[in-house]
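Below is one structure, written out as structure tokens; comments come after it.
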Amino acid sequence: FTFQLLDDTVGPTVESVMVSASEWAPSFSEHGYVIPAGDGRQMEPLPWNNLDRISIVFSEAVAVPEGALSLRGVNQASYSTIDGVAYDAASHTATWTLDGPIGADKLLIELSDQIRDLAGNRLDGQWIDAASSYPSGDGTPGGDFQFRFSVLPGDVNQSGDTIINDLILVRNSLNTGIGDASYSIFKDVDGSGEILANDMALVRSFLSTTLPESEPAVSDALNAVVAQYETTMGPAP
């Protein structure tokens, strides 16, 4: 990847944040679930039990240095990734696969602004949780992207607690699948495309769980990305 001398002073932005699972059925979600933003729904707990992928869609082609993303939590301070980052050039999407599924936790994505476009402009990543809407940024290149979301397996009504009400909701939609009126992706806890007895079993196993009270701490991990990027890619033109 080399920078080009382009008449471009606009930094790339984050267009959406998606989660998915390597075990999801293709019929369930081909691209992943886009975490809502701008309407207060960003923090609503995600109910799936096997989330292990984070995808970021950018506004344009970018270079994504190794280690550009870190994922931190409360119940688990740091989530590591495997196989580095996969980048789809056609959709400008970078995907990080975790070394295991996310459990009940409040999470913080930290994305370094050392991500740059073809002209070398840094990521325009400023974000205010539960207030900002896609795309990210303040109109000026430079600024890390920090984005909060939550996962609470079995919390199909996204209330903040996995309780008997969630079990009842799943029971009432048993044996339905994609396209049925009473089917909901949130009740399909394993992402199989159908709401079956195993979804009830999963919710039952998570009963009485809730999110931690505290918030994930911001790390200094992004600082190391800057030095690594300049060493491997050279300074921007």
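Residue numbers run from 1 in the order of the sequence given. None of the values given here were measured: they were computed from a predicted structure.
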Please report the closest heavy-atom contact between Ser29 and Tyr33, naming both atoms and the distance. OG-N, 4.1 Å
Is Arg72 reaching over with its side chain to a backbone N or O of Ala217, donor-acceptor style, under 3.5 angstrom? yes
Going by atom types alone, do Gln76 and Asp105 pair a side-chain donor with an acceptor below 3.5 Å? no
Can you give me the closest heavy-atom contact between Val34 and Ser16, atom names plus distance? CG1-CB, 3.9 Å
Would you find more than 12 non-hydrogen atoms of other residues, nucleotides or ligands less than 6.0 Å from Ile128 atom CD1? no
CZ on Arg204 to CG on Leu202, rounded to 0.5 Å: 10.0 Å
Does any non-hydrogen side-chain atom of Gln158 lie less than 4.5 Å from one of Leu46? yes
When rounded to the nearest 0.5 angstrom, what distance separates CD in Gln126 from OG in Ser136? 7.5 Å
Closest non-hydrogen atom pair between Pro141 and Thr9, with its separation: CG-O, 3.4 Å
I'd like to know if the side chain of Tyr183 reaches the main chain of Asp188, judged simply by a donor and an acceptor atom lying under 3.5 Å from each other, with no hydrogens or angles considered. no
Go through the side-chain N and O atoms of Thr162 and Asp155 and say whether any donor and acceptor fall under 3.5 Å apart. no
hydrophobic_cluster_shared for Val74 and Phe206, side chain cutoff 4.5 Å: no
Which atom of Leu123 lies closest to which atom of Pro12, heavy atoms considered: CD1-O, 3.3 Å
Are the side chains of Val17 and Ile109 in contact, using a 4.5 Å heavy-atom criterion? yes
My understanding is that only one of Leu196, Asn198, Val203 makes a side-chain contact (heavy atoms from CB on, under 4.5 Å) with Val189; could you say which? Val203
So, does Ser59 use its side chain to make a donor-acceptor pair with the main chain of Glu15 at under 3.5 Å? no
For Gly193 and Ser27, work out which heavy atoms get closest and say how close. CA-OG, 4.4 Å
Determine whether Gln42 and Trp127 make a side-chain contact, defined as any pair of heavy atoms from C-beta on separated by less than 4.5 Å. yes
Do the non-hydrogen side-chain atoms of Gln146 and Leu108 ever get within less than 4.5 Å of each other? yes
Test side chain to side chain contact (heavy atoms under 4.5 Å, CB included) applied to Tyr87 and Ile56, step by step: CA-CA 10 Å; Tyr87 181 72; Ile56 306 291; over 6 Å; no
State plainly whether one hydrophobic cluster holds both Met43 and Phe149, where clusters connect Ile, Leu, Val, Met, Phe, Trp and Tyr through side-chain heavy atoms under 4.5 angstrom apart. no
Got a sec, which pairs hit side chain to side chain donor-acceptor pair (under 3.5 Å) with one end in residues 94-103, sequence neighbours left out? Ser55-Thr95, Ser80-Asp99
In terms of hydrophobic clustering (I, L, V, M, F, W, Y; side-chain heavy atoms under 4.5 Å; direct or indirect links), are Phe147 and Ile102 co-clustered? yes
Would you check if the side chain of Asn121 reaches a backbone N or O of Asp8 as a donor-acceptor pair within less than 3.5 Å? yes
Asp124 side-chain N/O to Thr13 backbone N/O, donor-acceptor pair under 3.5 Å: no
Give a yes or no on whether Glu23 atom CD has more than 12 heavy-atom contacts from other residues, nucleotides or ligands under 6.0 Å away. no
Linking I/L/V/M/F/W/Y whenever any side-chain heavy atoms sit under 4.5 Å apart, do Leu107 and Leu152 land together? no
For the CG atom of Leu111 and the CG atom of Asp144, what is their distance to the nearest 0.5 Å? 8.0 Å
Please name all residues satisfying ring-ring contact (aromatic ring centres under 6.0 Å, His included) with Phe58, sequence neighbours left out, ordered by chain then number. none
Do any side-chain atoms of residues 167-175 form donor-acceptor pairs under 3.5 angstrom with protein atoms, and if so which ones, sequence neighbours left out?
| residue | atom | partner | partner atom | Å |
| --- | --- | --- | --- | --- |
| Asn172 | ND2 | Ile168 | O | 3.4 |
| Ser173 | OG | Ser182 | O | 2.9 |
| Ser173 | OG | Lys187 | NZ | 2.9 |

Can you tell me if Asn50 uses its side chain to pair, donor with acceptor, with the backbone of Pro101 under 3.5 Å? no
Kindly work out whether a path of hydrophobic side-chain contacts (I/L/V/M/F/W/Y, heavy atoms less than 4.5 Å apart) joins Phe145 to Val10. no
Provide the closest heavy-atom pair for Thr176 versus Asp180 in the form atom of the first, atom of the second, distance. CA-OD2, 3.4 Å
Under 3.5 Å donor-acceptor, Lys106 side chain and Glu213 backbone: yes
So, Ser20 side chain and Gly32 main chain: donor-acceptor pair closer than 3.5 Å or not? no
CD1 on Ile195 to CD1 on Ile185, rounded to 0.5 Å: 10.5 Å
Any sub-3.5 Å donor-acceptor pair from Asp52's side-chain atoms to Ser22's backbone N or O? yes
With no hydrogens and no angle check, do the side chains of Ser192 and Asp190 hold a donor and an acceptor under 3.5 Å apart? yes
